[in-house]
A.B. asks: 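If you scroll down you'll find the structure; I have some questions about it.
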Amino acid sequence: MNMKRFSLQAKSILILLILLVQPLLFAEKTPVENLYRYKLENGLELFVMENDSAPLVYIEIAVRTGAVSQTPENAGLFHLYEHMMFKGNDKYKNQKEVTAALNKLGVSDWNGTTGIDRVNYFFTIPSNMAKEGMDFWSHAIRNPLIDEKELENEKSVVLSEITADESDPGAIMRGGLWKNLLSESPWRIDPSGKPDTVKNATRDDLIAIQKTYYVPKNAALFVGGDVKHEEIYKYAKEIYGGWENSKETAEILKIKCPTKNPVLSDTKLVFADPRSSGDFTRVSFYLRGPDGESDADDTYGADVWGYLLADPSSDFSKAFVSDKDLQIPDADYVGAGYTTFRASGVISVSAAMLSGGSLSEEDKAIIFLETARKVTEEELKGKKDFSKEKIESASRRIEDSRVYELETAEGFLSTLSSIWSSCGADYFFDYEKKIASIKTEDVTDFIEKYVKAKPGVLILTVSPDYFKSHKAELEKKGWKEITAENAFWWKDN
């Protein structure tokens, strides 16, 4: 036997085997059945979920940016840029061609959103069009034309959305909250942005956004449905492999999180809500919480704490209901929770109180806050609400809610995308294991660090009639009204 010939044959077979299984070698194992994770050489993350229940595929491209990346000078440009994604690119030269391409793909519904931590674009199409769908988003996200005329037209659309917020009660109240609770940088939780910035935006401004943030190291592709992960990975390499990062990329991978102590003493705000019938008064107390960027380990205890206090049988809920001055009908009218964001985590405790009674609504709000602090102190001593059994029960409820939320490929990938943007994919995959490992001391450590005796923002929501008749008294007691004129940070200038 010719040993040299045998050696060459064996080597050729080995190379062939490597080539055949190469796509599989790049797939990272995930704890989720039929979910595959890849990372291209340029840093783009790819998540593929196989689900052949229907001949459809959900495709989403997400960028880890949004309000969180804004400065006072560019707030609003990320939202404006999102709108320009559908106005033409290097392959489809205008909106008409973009719409025609979407129709050809069989898109029934498509959209893009600009949120606090994420900008994303998505649609569901027939699964035999998966490659074409991935290609569509590649041209849209990498090479938008940003035509000057289209830009001027789209400015009007975005400005009209900002104007609508100025008269929306919910937006006004949120604006007042963010301005006071996140006073250091309220623009980083306001995706709408500043009207003058949008009005004066140039094509160069949007190109700067694109070059800095719309890069593969800051993006992820989510594909789920009747597909094979090896094939999707092959398409991704072919379509997105040549996408390059820019020299500005390194500056955006980490961000500075705002202070955890934004207010030195309690801030009391009152909002006359035109939607209120006057039958109920709502009171809410807000604190800064852990951030996904810098405090991920603290978020698990925060989530369990929220579920524990949501239990109607908890001492926390009972304390509010048993105080007859507060006029809270039952435990279902009391709530507490924590919302995870990349750099603006928020803790809240709230209640709906029947209006009227022997005390004014503002005095009841103060009693509510005093009760919350008193019960917090008592819970830290007795820890009845944080027993091993109750924590295990809360962990199971959290897991059950995730199962329901993640039933479909679209729902699953959309949730994964959201958490990827604020905390990273590893956080998503490790979540249930971390929650299951939470102990009493993890919850109490969270309370000591973020809740106990911490000053925050107290918001009392009343009917316009009540506010009008009690305005002088409210002002005398130190309550500041939230209005459309003072709620939005950008109106200060």
Side-chain angles (χ1 to χ4, degrees), residues 59-63 65-116 118-125 132-133 135-168 170-172 175 187 190-215 219 246 484 488-491 493:
I59 304 175
E60 175 183 335
I61 183 88
V63 183
T65 191
V68 70
S69 304
Q70 292 181 154
T71 66
E73 292 74 32
N74 68 12
L77 297 187
F78 293 85
H79 184 202
L80 179 60
Y81 183 89
E82 174 233 310
H83 278 242
M84 294 303 295
M85 281 275 291
F86 301 102
K87 301 300 177 180
N89 52 61
D90 61 335
K91 184 172 183 178
Y92 308 108
K93 301 303 181 183
N94 49 51
Q95 185 174 357
K96 184 178 179 181
E97 289 189 21
V98 169
T99 302
L102 288 166
N103 290 335
K104 188 176 179 181
L105 285 169
V107 176
S108 59
D109 188 27
W110 54 270
N111 209 343
T113 69
T114 301
I116 293 170
R118 173 188 64 170
V119 179
N120 65 333
Y121 311 88
F122 48 90
F123 54 42
T124 298
I125 58 176
E132 290 81 359
D135 182 72
F136 175 90
W137 286 130
S138 173
H139 290 282
I141 201 163
R142 294 167 61 183
N143 301 301
L145 295 180
I146 311 183
D147 176 78
E148 296 279 6
K149 185 177 179 181
E150 288 284 9
L151 176 58
E152 291 305 313
N153 292 337
E154 212 56 32
K155 283 182 187 180
S156 300
V157 177
V158 174
L159 286 169
S160 68
E161 293 180 11
I162 298 176
T163 301
D165 279 348
E166 291 185 68
S167 59
D168 177 70
I172 294 170
W187 45 85
D190 173 21
S192 297
K194 186 176 179 180
D196 284 349
T197 301
V198 173
K199 193 182 301 181
N200 298 321
T202 66
R203 184 177 187 277
D204 288 343
D205 291 333
L206 298 192
I207 291 296
I209 293 287
Q210 180 200 18
K211 285 184 176 179
T212 306
Y213 296 94
Y214 281 66
V215 290
S246 66
F488 302 102
W489 64 269
W490 43 267
K491 286 194 174 185
N493 296 323

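Excluded from the calculations below are hydrogen atoms, water molecules and symmetry mates; all remaining heavy atoms, backbone and side chain alike, are included. In what follows, residues are counted from 1 in the order of the sequence shown.
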A.B. asks: Does the ring centre of Y81 sit less than 6.0 Å away from the ring centre of Y213?
C.D. replies: no

A.B. asks: Count the heavy atoms belonging to other residues, nucleotides or ligands that lie under 6.0 Å from NZ of K211, then report whether that count exceeds 12.
C.D. replies: no

A.B. asks: For A67 and P191, which heavy atoms make the closest approach, and how far apart are they?
C.D. replies: CB-N, 3.7 Å

A.B. asks: Please report the closest heavy-atom contact between G193 and W490, naming both atoms and the distance.
C.D. replies: O-NE1, 3.5 Å

A.B. asks: Would you say that W489 contacts K194 through its side chain, given a criterion of any heavy-atom pair below 4.5 Å between the two side chains?
C.D. replies: yes

A.B. asks: Counting N and O atoms only, with roles assigned by atom type, does the side chain of R203 sit under 3.5 Å from a partner on the main chain of L145, one being a donor and the other an acceptor?
C.D. replies: yes

A.B. asks: Determine whether the side chains of S138 and D135 contain a donor N or O and an acceptor N or O closer than 3.5 Å.
C.D. replies: no

A.B. asks: Taking the side chain as everything from C-beta on, heavy atoms only, tell me whether T99 gets closer than 4.5 Å to Y92.
C.D. replies: no

A.B. asks: Can you measure from CZ (F123) to CD1 (I61) and round to the nearest 0.5 angstrom?
C.D. replies: 11.0 Å

A.B. asks: Got a sec, which pairs hit salt bridge (Lys or Arg N to Asp or Glu O under 4.0 Å) with one end in residues 151-166, sequence neighbours left out?
C.D. replies: K87-E154, E152-K155, E166-K491

A.B. asks: Going from CG on L80 to CE on M84, what distance comes out if it is rounded to the nearest 0.5 angstrom?
C.D. replies: 7.0 Å

A.B. asks: Given 3.5 Å as the limit, does a donor-acceptor pair link the side chain of N74 with the main chain of Q70, or not?
C.D. replies: no

A.B. asks: In terms of ring plane angle, is the pair F86 and W137 parallel, tilted or perpendicular, where the classes change at 30° and 60°?
C.D. replies: perpendicular

A.B. asks: Under 3.5 Å, side chain of E60 to main-chain N/O of N120, donor-acceptor pair present?
C.D. replies: no

A.B. asks: Please identify which of these residues, T114, T65, N111, meets the side-chain hydrogen bond (donor to acceptor under 3.5 Å, both in side chains) condition with E82.
C.D. replies: T114

A.B. asks: If we ignore hydrogens and angles and just use 3.5 Å, is the side chain of T212 paired with the main-chain N or O of I209 as donor and acceptor?
C.D. replies: no

A.B. asks: Using 30° and 60° as the class boundaries, would you call the ring planes of H83 and H79 parallel, tilted or perpendicular?
C.D. replies: perpendicular

A.B. asks: Measure the shortest side-chain to side-chain distance between D190 and F488 over non-hydrogen atoms and say whether it is less than 4.5 angstrom.
C.D. replies: no

A.B. asks: Taking atom OG1 of T124 and atom CG of L105, what is their separation to the nearest 0.5 Å?
C.D. replies: 12.0 Å

A.B. asks: Let me confirm one number: the CG-NZ distance from N89 to K93, rounded to the nearest 0.5 Å.
C.D. replies: 7.5 Å

A.B. asks: Counting only N and O atoms by type, is there a donor-acceptor contact under 3.5 Å from the side chain of D168 to the main-chain atoms of A171?
C.D. replies: yes

A.B. asks: Which heavy atom in N200 sits nearest to a heavy atom in D205, and how many Å separate them?
C.D. replies: O-OD2, 4.1 Å

A.B. asks: Could you state the interatomic distance from CD (E150) to CG (N94), rounded to the nearest 0.5 Å?
C.D. replies: 7.5 Å

A.B. asks: Do side-chain atoms of T71 reach the backbone of E73 as a donor and acceptor pair under 3.5 angstrom?
C.D. replies: yes

A.B. asks: Just how far is it from atom CD1 of I125 to atom NZ of K104, taken to the nearest 0.5 Å?
C.D. replies: 12.5 Å

